[in-house]
Amino acid sequence: MANYTEQQLDALGELANIGSGTACTALAQMLGRPVDIKVPKVVALPLADAIDAVGAAEEPRTAVKLDIFGDLDGTVLLVFPLDDAATLCGMLGVEPDSEVGLSALGEIGNILGTSYVNALGQMIGMEVEPHPPITTTDMLGAIVSTVLLERDEVGDTALLLDSAMFVEGEQCELSFLLVPSANGVADLLGRLGM
Amino acid sequence: MGETPVRIGELIATRDPDEVLISVGLGSCIGLAMIDRARGIAGLAHVMLPQSPNGAGPLPGRYADHAVPTLLDRMVALGASRAAIEVGMAGGAQMFGGSSSIEVGKRNAEAVTSALGEARLRIKASATGGEKGRTVKVLAAQGVMIVREVASEEVVLIGDLVGAAR
């Protein structure tokens, strides 16, 4: 996979900003309280560095994975610290660490992921659909590396868009990763005219 | 004691008695360990995919078909005896409940096993498959390989940590 120019990375960051802004609004509506976002990070690094950039590899995290397909192939991944996932379940009135709790997190992933990719799709004229969410709790490095490798078309540079959002007044933060396939990145940049 | 990370696609062999090699958060990847206990030489490769599409490339640890012979060569270059090398492998999980149709983890385990067969190396112990991520540690001086699954205790896969304790 090629290297990216500053302008290309900025454009991808702007896409992530719009996508996560829309997802953030969806989460705020669902919870009935304000949710803030941080400026998205665009990570375009050698694979090992990209995995390190997401966070400490051995830390346990709960993740919701949505594979997306259509005009853009890739994966959307929501990642929660375990305590923050429990807090989120609490706000929704469901028991964390239960089947219902996991399913609630999956549903949050579904709603946020869908609003994120729909916002992207509308902006750049792509039809994108998500597969159903899959939830797991595991080491962060194992989750991220597996998602990056799943497409079996790994280049030297991994690209991912990392947005963080947090619920105001609560210890509840989640990060939101879009991992486009190698072809997906080229398509995205092509649609942006870059 | 410091730990030397062996990150995705990397491969390290050592005869430094203080060195601990570690691959953290293996999902579908494989941690492939080679240990020559008598000579205090050990190596670890963090293998990410089964076959190299176009030759070895700059990261020989990346692909099973190159990682196995390269790690073996590095061990022998440090003075390891081929016949004395004990091999352990861990990882190759089907994360997310094996939802992916291409089953990278399973294919990685098969490719490493088959490359070891071609190199005429026997697997002494392995912990592959399942749905959980793993961390692998190799202690060169003690000739020990340790595996830990997420939210679990460490398990000694090769060697004897208690007997080898200094």
Side-chain angles (χ1 to χ4, degrees), chain A residues 1 45-67 69 73-79 82 97 102 105-106 109 130-158 179 181-182, chain B residues 3 5-12 22-31 46-54 57-59 61-64 90-108 111 130-137 147-152 154:
Chain A
M1 207 191 288
L45 291 171
L47 198 57
D49 296 334
I51 293 167
D52 286 346
V54 176
E58 201 165 29
E59 286 296 309
R61 290 282 185 271
T62 295
V64 182
K65 179 173 87 108
L66 283 101
D67 290 328
F69 65 103
D73 282 336
T75 300
V76 169
L77 194 66
L78 264 79
V79 182
L82 304 195
D97 298 322
L102 284 180
L105 291 177
H131 283 289
I134 306 162
T135 307
T136 193
T137 296
D138 213 307
M139 299 174 186
L140 180 60
I143 293 169
V144 174
S145 63
T146 301
V147 166
L148 285 169
L149 295 179
E150 228 169 19
R151 300 190 171 269
D152 211 6
E153 46 170 55
V154 182
D156 291 330
T157 305
V179 187
S181 69
Chain B
E3 291 177 340
V6 181
R7 303 187 308 162
I8 190 163
E10 296 176 347
L11 162 164
I12 296 178
I22 181 165
S23 286
V24 173
L26 298 162
S28 57
C29 294
I30 303 271
H46 187 151
V47 180
M48 67 186 223
L49 287 172
Q51 255 99 37
S52 160
N54 41 19
L59 284 173
R62 253 190 186 190
Y63 302 99
Q94 290 298 118
M95 305 282 295
F96 300 103
S99 62
S100 164
S101 55
I102 62 170
E103 300 192 314
V104 182
K106 187 167 160 230
R107 291 197 295 129
N108 276 341
E131 295 181 2
K132 288 290 170 196
R134 297 176 174 91
T135 287
V136 171
K137 260 192 241 182
V147 179
R148 192 177 80 81
E149 284 191 7
V150 63
S152 305
E154 293 190 332

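Just so we're on the same page: letters track the sequence lines, and every chain starts at 1.
Taking the side chain as every heavy atom from C-beta outward, B:R148 and A:M139 approach each other to under 4.5 Å. Side-chain contact between B:F96 and A:V147 is present, with heavy atoms from C-beta onward closer than 4.5 Å. Taking the side chain as every heavy atom from C-beta outward, B:I8 and A:I51 approach each other to under 4.5 Å.
For A:A142 against B:G133, the heavy-atom pair with the smallest separation is CB-CA, 3.8 Å. Contact detail for A:L149 and B:C29: the closest heavy-atom pair is CD1-SG, 3.5 Å.
For the atom pair A:S145 OG and B:R7 CZ, the distance stands at 12.5 Å (nearest 0.5 Å). Taking CZ of B:R62 as the reference point, atom CG of A:L47 lies at 6.0 Å (rounded to 0.5 Å). A distance of 10.0 Å separates CD in A:E58 from CG in B:L26, rounded to the nearest 0.5 Å. Atom CD in B:E131 sits 7.5 Å away from atom OG1 in A:T136 (nearest 0.5 Å).
Around the CG atom of A:D97, the shell of radius 6.0 Å holds no more than 12 heavy atoms that belong to other residues, nucleotides or ligands.
Of the two parts of A:L140, neither the backbone nor the side chain holds a non-hydrogen atom closer than 4.5 Å to a non-hydrogen atom of chain B. Contacts between A:D49 and chain B at a heavy-atom distance below 4.5 Å involve backbone atoms as well as side-chain atoms.
Of the possible polar contacts, none joining the A:T146 side chain to the B:M95 backbone as a donor-acceptor pair under 3.5 Å is found.
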